[in-house]
Amino acid sequence: MQWIRPRLVAEVEFAEWTDDGRMRQPIFMGLRPDKDPKACVREEAQPAERLVESAGTRPGLGTTDVTKAAKATGSPAGSDPGTGPVITHPDKVLWPEEGYTKGDLIAYYTAVAPFILPHLKDRPLILKRYPNGIGAPPFYQHDVKTAPAFVKTIPVREEDGSLVHYALCQNPETLIWLANMGVIPQNPWLSRAPELSRPDWIVFDLDPPGDVAFPEVCSLALYLREILEGLGLKVFAKTSGSRGIHIYVPLKPAYDFTQSLGFAQLVGAYAVKVKPDSFTVERSLKARKTDRIYLDCMQNSEGKSVASVYSVREKPGATVSAPLEWAELKRKVRMEDFDIRTMPKRLEKRGDLFAEVLKTRNSLEGALRKLEKLLQPGR
DNA sequence: GATGCAG
DNA sequence: CTGCATCAACGCTTC
DNA sequence: GAAGCG
């Protein structure tokens, strides 16, 4: 048993709700010093909640205040489902160059929670944790053995027979808890519970080498869009927040990973066939020509993840993965235009430009027929 | 960043 | 009590 | 067989 005194507690009001119970408008009240030294909270590790709840995951209304909740219920903070996340070391600097702290990260995710949560919902998360900031080595965590009650997890049987409990991010509390654990980007699977072996999107990662400028990446993203739309697919783009562009092909969850990966690789082969001086699918860095954009299709394997839209990246400037309208790819957008400070304003102004991704359900049959025709020798 | 275990 | 290890994994490649 | 790659 251990006693923790939270130095600060998050004050977040969750005021409005959509019909299906998702948060619409969070009001981040900032971080408040814990004034009462006696208001120590006993944080007891709990076995993570094992059930996947489709409904009823709605977090507690009102101010999420650990201290108050603990007092009110008289029970240990971690064991009360109505209790919010405990924030530790909010002043810890995670981006040394900019001086951005863990508190900044938490404030960001709180602000964008209503927009990012629908994209994370029901997707197992691969936690990539940076407890000591982006300049120190991170570590990965798949199995979430202990977590507060508000964190839902889903058991997944691994190939070796072992059981791994993946976290699902179903509510704002979990988002804050993750950020507090040093999780900077959110890395969800490409499939959702309960259909974990059926991806509901394909991602093409256009990853430029050091000597290809961003406008060139944008122009090739537009070209890949032409290819995919020519196959009859509705597709969407976002910045990766690192150097490249991610193109999403939303799917009806009807294919397995072998099929979606196979399709992605065929598209990759076709892109290289048509523009061999621009694209490469060569995975080895050494064998890869340094003036070509790496079209990474291998991310579409089972159990892999791609940094989600609105994820903060572990990069200088605390850039975020930002959805783009196709017209924006033709204009002068820069990766650095979208960061931890500017994204909330853009969301307020433009709304969720990736909302359609969750409503679109492409089929692959027709596209595959067309693609096979295009790939026939002699064409 | 949190845990659990060795010393 | 302090200190230290642990916290993933997949297909494919080249060395 | 090990190590690199994303």
Side-chain angles (χ1 to χ4, degrees), chain A residues 1-7 41-48 77-78 85-94 101-103 105-106 124-134 136-148 151 153 156-167 176-185 187-191 197 199 203-210 240-244 246 256-258 260-262 264-265 268-269 280-290 293-307 313-315:
Chain A
M1 194 163 299
Q2 195 183 357
W3 292 82
I4 295 172
R5 183 179 143 217
R7 291 172 48 206
V41 173
R42 186 192 299 145
E43 177 78 4
E44 217 167 327
Q46 297 289 312
V86 175
I87 295 168
T88 56
H89 315 299
D91 296 327
K92 184 151 192 179
V93 173
L94 299 186
T101 63
K102 199 163 82 174
L105 182 69
I106 290 169
L125 290 179
I126 295 178
L127 309 190
K128 191 177 186 183
R129 298 176 55 187
Y130 292 81
N132 296 307
I134 67 170
F139 66 91
Y140 286 89
Q141 184 178 4
H142 289 211
D143 199 10
V144 174
K145 292 197 168 67
T146 63
V151 178
T153 66
V156 176
R157 181 73 61 183
E158 303 290 293
E159 225 164 280
D160 64 4
S162 65
L163 210 53
V164 171
H165 296 89
Y166 284 86
I176 293 170
W177 175 75
L178 289 166
N180 186 63
M181 302 283 275
V183 175
I184 294 178
N187 284 310
W189 280 21
L190 287 69
S191 58
S197 60
V203 181
F204 293 97
D205 179 8
L206 282 75
D207 190 16
S240 74
S242 176
R243 301 208 65 247
H246 292 157
D256 62 27
F257 280 94
T258 313
S260 65
L261 172 63
Q265 287 180 309
T280 176
V281 289
E282 171 59 55
R283 277 184 302 287
S284 161
L285 259 186
K286 284 186 178 167
R288 201 141 88 204
K289 298 275 205 305
T290 60
I293 288 181
Y294 176 46
L295 184 53
D296 186 358
C297 303
M298 294 303 291
Q299 290 294 117
N300 295 288
S301 312
E302 183 155 21
K304 291 219 168 200
S305 65
V306 175
R313 301 308 306 269
E314 63 282 41
K315 305 289 172 183

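Below, chain A is the first sequence line, B the second, and so on; all start at residue 1.
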> Between dT6(C) and dG6(D), how far apart are the P atoms? Round to whole Å, please.
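Taking atom P in both dG6(D) and dT6(C), they lie 26 Å apart.
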> Could you tell me which residues satisfy side chain to side chain contact (heavy atoms under 4.5 Å, CB included) with P199(A), sequence neighbours excluded, listed by chain and number?
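L190(A), F257(A), S260(A).
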> Polar-atom pairs under 3.5 Å, protein N or O versus N or O of nucleotides 4-6 of chain D: list them with distances, or write none.
{"unit_1": "dG6(D)", "atom_1": "OP1", "unit_2": "R288(A)", "atom_2": "NH2", "d": "3.1"}
{"unit_1": "dG6(D)", "atom_1": "O3'", "unit_2": "D296(A)", "atom_2": "OD2", "d": "2.9"}
{"unit_1": "dG6(D)", "atom_1": "N2", "unit_2": "K304(A)", "atom_2": "NZ", "d": "2.4"}

> What distance, rounded to whole Å, do you find between the two C1' atoms, one in dC5(D) and one in dA8(C)?
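That atom pair is separated by 15 Å.
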> Taking side-chain hydrogen bond (donor to acceptor under 3.5 Å, both in side chains) as the test, write out the residues that go with T101(A), two or more places apart.
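Partners of T101(A) under the side-chain hydrogen bond (donor to acceptor under 3.5 Å, both in side chains) test: D104(A).
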> Taking only side-chain nitrogens and oxygens of K102(A), does any of them come within less than 4.0 Å of OP1 or OP2 of dG1(B)?
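Checking K102(A) against dG1(B): at least one side-chain N or O falls below 4.0 Å of OP1 or OP2.
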> Using the six-membered ring of Y294(A), assess whether NZ or CZ of R283(A) lies under 6.0 Å from its centre and within 45 degrees of the ring axis.
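Judged by the rule (NZ or CZ under 6.0 Å from the ring centre, within 45° of its axis), R283(A) is not positioned above Y294(A).
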> Can you name the residues that form a side chain to side chain contact (heavy atoms under 4.5 Å, CB included) with S197(A), not counting sequence neighbours?
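Scan of S197(A) (side chain to side chain contact (heavy atoms under 4.5 Å, CB included), adjacent residues dropped) gives E302(A).
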> Take atom C1' in dC10(C) and the same atom in dG1(B), then report the distance between them in whole Å.
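Their C1' atoms lie roughly 27 Å apart.
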> State which residues pass side chain to side chain contact (heavy atoms under 4.5 Å, CB included) with S284(A); sequence neighbours excluded, sorted by chain then number.
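S284(A) satisfies side chain to side chain contact (heavy atoms under 4.5 Å, CB included) with E282(A), K286(A), A287(A) only.
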> Under 4.0 Å from any heavy atom of chain A: name the first and the last nucleotide of DNA chain C that qualifies, 5' to 3'.
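Listed 5' to 3', the contact boundaries are dC7(C) to dC12(C).
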> Check ring-ring contact (aromatic ring centres under 6.0 Å, His included) between F204(A) and all other residues, then give those that pass, not counting sequence neighbours.
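ring-ring contact (aromatic ring centres under 6.0 Å, His included) check on F204(A) returns nothing, list empty.
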> If the condition is side-chain hydrogen bond (donor to acceptor under 3.5 Å, both in side chains), which residues does D256(A) pass it with, not counting sequence neighbours?
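For D256(A) there are no side-chain hydrogen bond (donor to acceptor under 3.5 Å, both in side chains) partners, ignoring immediate neighbours.
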> K128(A): which residues meet the side chain to side chain contact (heavy atoms under 4.5 Å, CB included) condition with it, sequence neighbours left out?
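Expected list: Y130(A), P138(A), Y140(A), N187(A), E314(A).
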> Using atom C1' of each nucleotide, how far apart are dA9(C) and dA2(B) to the nearest Å?
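Per the computed distance, 23 Å lies between those C1' atoms.
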> Output the rounded distance in Å from NZ (K128(A)) to P (dG1(B)).
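Value for this atom pair: 17 Å.
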